[in-house]
2 protein chains.
Amino acid sequence: MEYVYEAPVLTVDAVIFQLIDNQLNVLLVKRSRDPFRGSLALPGGYNSKGETTLAALDRILQSKTDLDKNKLRFIEQLYTFDTVARDPRGHAVSVVYMGLCLNVKVNVAKTTEQPRFVPVTKLPELAFDHQAIIEYAQERLASKVSYTNAIFGLLPKEVTLTQLQQAYEVVMGRKLDKRNFRKRILALNLLKPTTKYSSDGAHRPALIYAFRKQSLETSLKLID
Amino acid sequence: MEYVYEAPVLTVDAVIFQLIDNQLNVLLVKRSRDPFRGSLALPGGYNSKGETTLAALDRILQSKTDLDKNKLRFIEQLYTFDTVARDPRGHAVSVVYMGLCLNVKVNVAKTTEQPRFVPVTKLPELAFDHQAIIEYAQERLASKVSYTNAIFGLLPKEVTLTQLQQAYEVVMGRKLDKRNFRKRILALNLLKPTTKYSSDGAHRPALIYAFRKQSLETSLKLID
DNA sequence: ACAAAAGTGTTAAGAATACACCCATGT
DNA sequence: ACATGGGTGTATTCTTAACACTTTTGT
């Protein structure tokens, strides 16, 4: 190569999902600087020289949202966007990850970025193309849970079948038939029945099942 | 951010597939410099400041393999790798694209990189982790053609059903049943029968079909 | 006439879907 | 006793998979 190489700006952004009150929520921060100062945005930041994108992700989540990356039960690369006009410095390339977690509370007051989880159905206008990125991540997630066990990332190790079905329904955006769902999920052998029951109201207690694996298994055939 | 930002090295690599003699081939170049001097590698290079990754891809393919990007009938982002020790300068991030083309001849003597297509079944030891990247791209391609019409990227606008079936068989790595294949492919209405016939030997001529679209259509259900 | 690929339907097995009632508990 | 969600089976439809012979051409 004959020209002098100067690297473009490289950033990392994160789409972190969590179920709260049976709704899919996404982690957002408030921008303290232009462009889009005051708007909500995906947590993200610069990737430094010599730093892997996952290391940058870790650092950025920690510093901007006070969320420890090892609280993420599932993480995967989503896509790399050629972000336009992200930054006064000009064109930037952004590697975006998608993560799933559970029972994470972020403290709005903890950092200047005021991190918070927002239901994906109630997003305000977001900075940059982050709205579109979140939609893309939702599609990927819906597709992913239909042929892998990735749903475990949103749930505790032990669940009732109804909890599991509700998680699928929220992620996939449609209702599922209870009997068919149970047949399929049990046939896949992803769950092991425990001897415990969950009593959470004036009704018959539900048998609790444990996920056999908390790591990604693929090539399943869960839901069409 | 309080620290001085210095961007990591960003590179772009390409996995370009083409069918030659009913075999899946991939475009490779010979490295003229260390590391891996003399080894074959995927065509790739640095992404400059202010340049989109697709623009970089275009420039790199042009200069290293003399292949014009608009000869690619299909292109999509494959994955972004945190390449280790790619370069003496240290850690680099590499955005990898997958492309499909047809009837492209590259001239080994044209550039110092000596571009050539090599059957994926006959790859020598490659530089870096490029062997693994090609395998990943093959998996993606096999998956992609099973739920989209992406196969058009490897074929001319007009094909016989046997040509089409052979392309699927090569990409998916297994034989398909002729009658079932024809039923399914015709039911999807991706093809329009022409009135032409192909006579290429001492046997009954085959009816030629035309692809209705040369752009990606998704959510099909072609092959399991 | 023969070799070689094109073209064509049916059957059986398996998968997906639709659907309604009894059970165990808390109040 | 009643309200609430937990739990269960079958019949039907649709999809998939397996499978072999006739047709048309060139030599």
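Note: hydrogens, waters and symmetry copies are ignored here, and every other heavy atom, side chains too, is used. Lettering follows sequence order; numbering is per chain, from 1.
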### Step-by-step side chain to side chain donor-acceptor pair (under 3.5 Å) determination, A:S215 to A:R73
CA-CA 9 Å; A:S215 56; A:R73 304 164 65 80; over 6 Å; no
To the nearest Å, how far apart are [X] [atom1] and [N] [atom2]?
X	N	atom1	atom2	result
B:Q165	C:dG7	CD	C1'	12 Å
B:L220	D:dT15	CG	C1'	17 Å
B:L176	C:dA6	CG	C1'	17 Å
A:F181	C:dA16	CZ	P	14 Å
B:L222	D:dA17	CG	P	13 Å
B:Q166	C:dA6	CD	C1'	12 Å

#### Entry: Note: B:E158-B:K196 ion pair, threshold 4.0 Å (strictly below)
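Looking at B:E158 and B:K196, the cut-off is met.
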### Task
For nucleotides 3-10 of chain D, just jot down a letter per nucleotide in 5' to 3' order: B, S or -, based on protein non-hydrogen atoms under 4.0 Å.
BBBBBBBB
### Query
Would you call A:L61 and A:D68 a side-chain contact if the rule is heavy atoms closer than 4.5 Å?
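No, side chains not in contact.
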### Message
Looking at A:K221, I'd like to know whether one of its side-chain N or O atoms comes within less than 4.0 Å of OP1 or OP2 on C:dA16.
### Response
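The answer is yes; a side-chain N or O of A:K221 sits under 4.0 Å from OP1 or OP2.
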### Query
Does the side chain of B:T53 come under 3.5 Å of the side chain of B:Y97 through a donor N or O and an acceptor N or O?
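Distance-only check passes for B:T53 and B:Y97.
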### Query
For the side chain to side chain contact (heavy atoms under 4.5 Å, CB included) test, which of A:I16, A:L54, A:I60 pairs with A:K69?
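The passing option is A:L54.
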Contacts under 3.5 angstrom, residues 199-208 of chain B side chains, donor-acceptor by atom type, not counting sequence neighbours:
unit_1	atom_1	unit_2	atom_2	d
B:D200	OD1	B:H203	NE2	3.0

